[in-house]
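Since the structure comes first, as structure tokens, the remarks are kept for the end.
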Amino acid sequence: MDSFFESPFKGKTLVEQVTHQSIIVGRYSYYSGYYHGHSFNDCARFLLPDEGADRLIVGSFCSIGSGAAFIMAGNQGHRNEWISTFPFFFMPEVPAFAGARNGYKPAGDTVIGNDVWIGSEAIIMPGIRIGDGAIIGTRALVTRDVEPYAIVGGNPAKTIRKRFGGHEIGLLLQMRWWDWPDDHLKKAMPIMTSEDVTGLHRYWSQTIRDT
Ligand SMILES: CC(C)(COP(=O)(O)OP(=O)(O)OC[C@H]1O[C@@H](n2cnc3c(N)ncnc32)[C@H](O)[C@@H]1OP(=O)(O)O)[C@@H](O)C(=O)NCCC(=O)NCCS
């Protein structure tokens, strides 16, 4: 059974794929673009190349499902409070549009925490912050920030439940296993791949906490 699955990396973590200066990614996070035929760079929509533009920041150990999309503020040449939402400014080749004002309005960085699993074809709106350990359901439309270890789904996305109780979430956020060096992850891997949060916390307390 184990050999049925190919490695989701397919040789390409986000660190290896990302070419855009406004996308920042942590270690081992990967994009599984099997069914959408593009790399992670194209998941970030309307990302501006300019220095100081909103960035897409993705933590470590994130699993990003095929066709997920991050809508960046670059699409906000459309201003709903103006007379027209038409992006005149971005079509300077049309003489009639000369004098149009730039409707771009920054939304702030989009920040995806560590160990976040984003389901296939989920959409994350501009400036959203998703907490560590969260799960975003398939085809969720995320319009509000997501708390650590929350599972959200739907349109607009709502919390379905938390992955762990409050005490365990506190322990996970305290020990931040995603920052551990690989040799500690290797030793802790049997616990990492179990439900034993207190056991992992015990390992951390005995071996890493004070180093
Ligand atoms: C969100 C998700 C993780 C929830 O899994 P789960 O905890 O096993 O959830 P359940 O199937 O027990 O459903 C719990 C509730 O959430 C709802 N729900 C599940 N997935 C949902 C989704 N994507 N959007 C909206 N609601 C969803 C269910 O309808 C159910 O609601 P109810 O309690 O009112 O009946 C899962 O459904 C999902 O979307 N996984 C992503 C899969 C994916 O995209 N994989 C490809 C990338 S690797």
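For ligands, and for the atoms within them, numbers begin at 1 and follow the listed sequence.
Atom 40 (N) of ligand 1 has Trp117 CH2, 3.8 Å as its closest protein atom, hydrogens excluded (heavy atom only). In terms of protein heavy atoms, atom 15 (C) of ligand 1 is closest to Ile160 CG2, 3.8 Å. Looking at atom 36 (C) of ligand 1, its nearest protein heavy atom turns out to be Gly137 CA, 5.0 Å.
Although no hydrogens or angles enter the test, the distance criterion places no donor-acceptor pair under 3.5 Å between the side chain of Thr138 and the main chain of Gly119.
Taking a 4.0 Å cut-off on heavy atoms, Ala140 fails to register as neighbouring ligand 1. Between Arg161 and ligand 1 there is a heavy-atom distance shorter than 4.0 Å.
Atoms of ligand 1 lying under 4.0 Å from any heavy atom of Gly153, numbered from 1 in the order shown and given with element: 24 (N), 25 (C). Distances below 4.0 Å separate heavy atoms of Gly154 from the following atoms of ligand 1: 24 (N), 25 (C). Of all atoms in ligand 1, listed by their number and element, those nearer than 4.0 Å to a heavy atom of Gly65 are 47 (C). Contact atoms of ligand 1 toward Ile135: 3 (C) (distance under 4.0 Å to a heavy atom of the residue).
There is a protein heavy atom closer than 4.0 angstrom to atom 44 (O) of ligand 1. Checking atom 33 (O) of ligand 1 against the protein gives no heavy-atom contact under 4.0 Å. Note that atom 10 (P) of ligand 1 has no protein non-hydrogen atoms nearby, at separations under 4.0 angstrom.
Of the charged side-chain nitrogens involved, at least one lies within less than 4.0 Å of a carboxylate oxygen, so that Arg55 and Asp109 count as a salt-bridged pair. We find that Lys162 and Glu147 are joined by a salt bridge, their nearest charged nitrogen and carboxylate oxygen being less than 4.0 Å apart.
Between the side chains of His36 and Glu121, at least one donor N or O sits under 3.5 Å from an acceptor N or O.
Looking at Ser120 next to ligand 1, an N or O pair under 3.5 Å apart turns up.
Considering Thr13, Asp115, Asn114, Asp182 as possible partners of Tyr28, the one that fulfils the side-chain hydrogen bond (donor to acceptor under 3.5 Å, both in side chains) test is Asp182.
Heavy-atom proximity to atom 39 (O) of ligand 1, evaluated over Asn155, Ile151, Thr138, Leu141, is greatest for Thr138.
Counting heavy-atom neighbours within 6.0 Å of Arg27 CZ, excluding the residue itself, gives a total above 12.
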| Chi angles and distances behind the side chain to side chain contact (heavy atoms under 4.5 Å, CB included) call for Tyr203, Met175 | CA-CA 10 Å; Tyr203 174 85; Met175 61 184 155; over 6 Å; no
